[in-house]
Amino acid sequence: MRLIISGDSHGSAMFGVLEGFPAGFRIDLDRISWDLKRRRSGYGRGRRMRMEADEFEIASGVWKGYTTGAPITVVVKNRAGNPIKEVRSVPRPGHVDYAGWRKYGLPDLNIYVERSSARWTVAFVAVGSLLKQFLETLDVVVYSYVLSIGKITMDENPNLSIDELIKLRDNSPVFCPNERTSDEMVKHIDEAMRRGDTLGGSFKVIAHNIPPGLGGYSNIFEKLDSRIGAVFMAIPSVKGVFIGREDVSIPGREYHDPFFLKDGEIRRKSNNAGGIEGGLTNGEDVEVTVYLKPIPTLGDPLDSVDLSTMEERKAPYVRSDVTVVPSASVVGEMALSLVLAEAVIRRYGEDEYEKILSSVENDKKGRRWKNFDWD
Ligand code: EPS
């Protein structure tokens with residue numbers, strides 16, 4: 001499976017083309033709209049999000065609601081234009097402006113932002129939402145929540161069920177399943193906005209009930225951790241990705257997850273590995289924690305240099321967001337869905353959805369040791 005995303009942030013539309021997705025899967029368009037709305041509505045986004053409706057069309061690869069095996073093309077319209085009309089030559093520290101100019105040399109910094117803007121994630125969410133639906137029909141639940149914004153961090157509550165957590169998260173404007181922390185995060189964002197500042201933070205994405213044995217190490221670079229790192233690090237502002245328990249100061253005896261038998265079935269006492277061992281899923285929840293830097297466009301701008309005159313100047317303020325952590329957590333669900341759907345399709349075949357369903361059902365029965373007649 002291969003995904004290509006194109007479109008300029010202030011062009012007519014964003015495009016996602018997904019190649020190698022199996023035929024015969026029924027798509028729920030309302031679920032895609034719902035995920036697009038979630039991405040758009042995270043607290044801390046700027047005026048642009050109020051201008052966009054994220055109307056989308058599936059332009060190919062679907063016949064009367066079912067996928068056909070042909071490339072699936074998703075088109076999401078852009079409404080907002082670029083508010084900056086004049087040539088811009090003063091780079092914002094932290095954005096693509098300076099590095100893009102050093103790479104391509106075109107004398108207007110507005111150009112580089114068109115590709116580097118987080119707008120592409122709208123097409124990614126549209127396609128990823130479809131992949132998340134696909135995984136759900138295999139009983140895999142992919143969900144995310146915000147852990148921290150700026151200095152405000154949530155204490156995790158291990159007693160919440162997935163349904164309870166998702167309900168609490170969906171009631172929070174910052175997608176944080178702890179009401180008190182969520183209120184503090186909102187205040188923290190408001191304060192940052194008043195100061196002309198921005199905030200980073202972290203979120204967690206989990207895939208529950210994932211079949212074991214997904215991923216690969218025949219080609220060492222296909223290890224699932226490697227793929228997770230590559231896809232998550234492509235999300236704008238992401239600076240770090242961690243799989244499983246983050247406290248690597250504890251010794252091996254405490255870190256690794258012992259096996260035990262329950263009613264004749266193999267179980268684990270913990271999940272510090274975050275569901276991946278040796279680059280393959282082990283059947284436990286896949287858990288990814290993702291860290292974002294604060295976004296670089298500041299209301300109270302940093303020092304910079306005018307590249308056309310070589311004079312010191314303040315960076316410009318352009319319409320922007322205060323924090324993207326809640327929206328990025330929705331994008332993170334799609335990143336994990338892409339990596340896992342890819343691995344499922346690779347293991348079970350890319351032609352027919354029904355065949356994948358029955359193979360997964362069959363695998364769920366477990367694996368029993370089979371002796372070989374070794375030489
Ligand atoms: C972005 C700047 C803002 C954000 C944009 C990412 O856009 P604009 O410059 O048009 O106001 O709103 O994010 C999106 C458009 C989106 O859909 O997420 C940037 O510079 O990266």
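What you see is a predicted model; the values in this text were computed from it and never measured. For this chain, numbers begin at 1 and follow the sequence in order.
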Review point. If you round to the nearest 0.5 Å, how far is CZ of Phe203 from CD of Glu333?
Key: 9.0 Å

**Study point:** Side chain Asn78, main chain Asp8, donor-acceptor under 3.5 Å
**Key:** yes

Check your understanding: Is there any ring-ring contact (aromatic ring centres under 6.0 Å, His included) pair reaching into residues 220-277, and which pairs are they, with sequence neighbours excluded?
Key -> none

**Study point:** Shortest non-hydrogen contact between Met154 and Cys176, atoms and distance
**Key:** SD-SG, 3.5 Å

Exercise for review: Please indicate whether Lys37 has more than 12 foreign heavy atoms, meaning atoms of other residues, nucleotides or ligands, lying under 6.0 Å from its NZ.
Suggested key: no

Review point. Backbone N or O of Gly94 within a donor-acceptor pair of the Lys293 side chain at under 3.5 Å?
Key: yes

**Study point:** Lys/Arg N to Asp/Glu carboxylate O, Glu265 vs Arg368, below 4.0 Å
**Key:** yes

Review point. Does Phe175 have its ring centroid less than 6.0 Å away from the ring centroid of Tyr43?
Key: no

Exercise for review: Using side chain to side chain donor-acceptor pair (under 3.5 Å) as the criterion, list what pairs up with Thr181, not counting sequence neighbours.
Suggested key: Asn178

Review point. Would you call Arg313 and Asp303 a salt bridge, taking side-chain N to carboxylate O under 4.0 Å as the test?
Key: no

Review point. Going by atom types alone, do Asp163 and Ser161 pair a side-chain donor with an acceptor below 3.5 Å?
Key: no

Revision key, fill the gap. Quick note, side chain to side chain donor-acceptor pair (under 3.5 Å) partners involving residues 224-242, not counting sequence neighbours, are Arg227-Glu342

Review point. Taking the side chain from Glu52 and the backbone from Met49, do they hold a donor-acceptor pair closer than 3.5 Å?
Key: no

Review point. Looking just at side-chain N and O atoms, do Glu277 and Asn282 make a donor-acceptor pair shorter than 3.5 Å?
Key: yes

Revision key, fill the gap. For Asp321 and Thr198 the tightest heavy-atom approach is O-CG2, 3.8 Å

Exercise for review: Sequence neighbours left out, what passes side chain to side chain donor-acceptor pair (under 3.5 Å) with Lys204? Give chain and number order.
Suggested key: Glu156

**Study point:** Distance-only donor-acceptor check, side chains Tyr317 and Asp300, under 3.5 Å
**Key:** no

Check your understanding: Is a side-chain donor or acceptor of Ser144 paired with a backbone partner of Ser329 at a separation under 3.5 angstrom?
Key -> yes

Exercise for review: Check whether the side chains of Arg79 and His10 place a donor and an acceptor atom closer than 3.5 Å, and report yes or no.
Suggested key: no

**Study point:** Between Ser148 and Thr153, a side-chain donor and acceptor under 3.5 Å
**Key:** no

Check your understanding: Which residue pairs satisfy the ring-ring contact (aromatic ring centres under 6.0 Å, His included) criterion with at least one member in residues 48-71, sequence neighbours excluded?
Key -> none

Exercise for review: Would you please say whether a donor-acceptor pair under 3.5 Å links the side chains of Ser304 and Arg92?
Suggested key: no

Check your understanding: Which pair of heavy atoms, one from Ala328 and one from Leu292, lies closest together, and at what distance?
Key -> CB-CD2, 3.6 Å

Check your understanding: Going by the ring-ring contact (aromatic ring centres under 6.0 Å, His included) test, which pairs reach into residues 96-125, not counting sequence neighbours?
Key -> Trp120-Phe124

**Study point:** Salt-bridge contact Glu284-Lys269 (side-chain N to carboxylate O under 4.0 Å)
**Key:** no

Exercise for review: Establish, from distance only, whether the side-chain atoms of Lys85 and Asn82 form a donor-acceptor pair under 3.5 Å.
Suggested key: no

Review point. Do we see a donor-acceptor contact under 3.5 Å between the side chains of Tyr145 and Asp170?
Key: no

Point to revise | Note: Asp190-Lys187 ion pair, threshold 4.0 Å (strictly below) | key: no

Check your understanding: Just checking, is any N or O donor in the side chain of Arg48 or Ser9 under 3.5 Å from an acceptor N or O on the other one?
Key -> yes

Exercise for review: Answer yes if the side chains of Ser129 and Arg31 hold a donor-acceptor pair under 3.5 Å, and no otherwise.
Suggested key: no

Check your understanding: Under a 4.0 Å N-O cut-off, is there an ion pair linking Glu114 with Arg119?
Key -> no

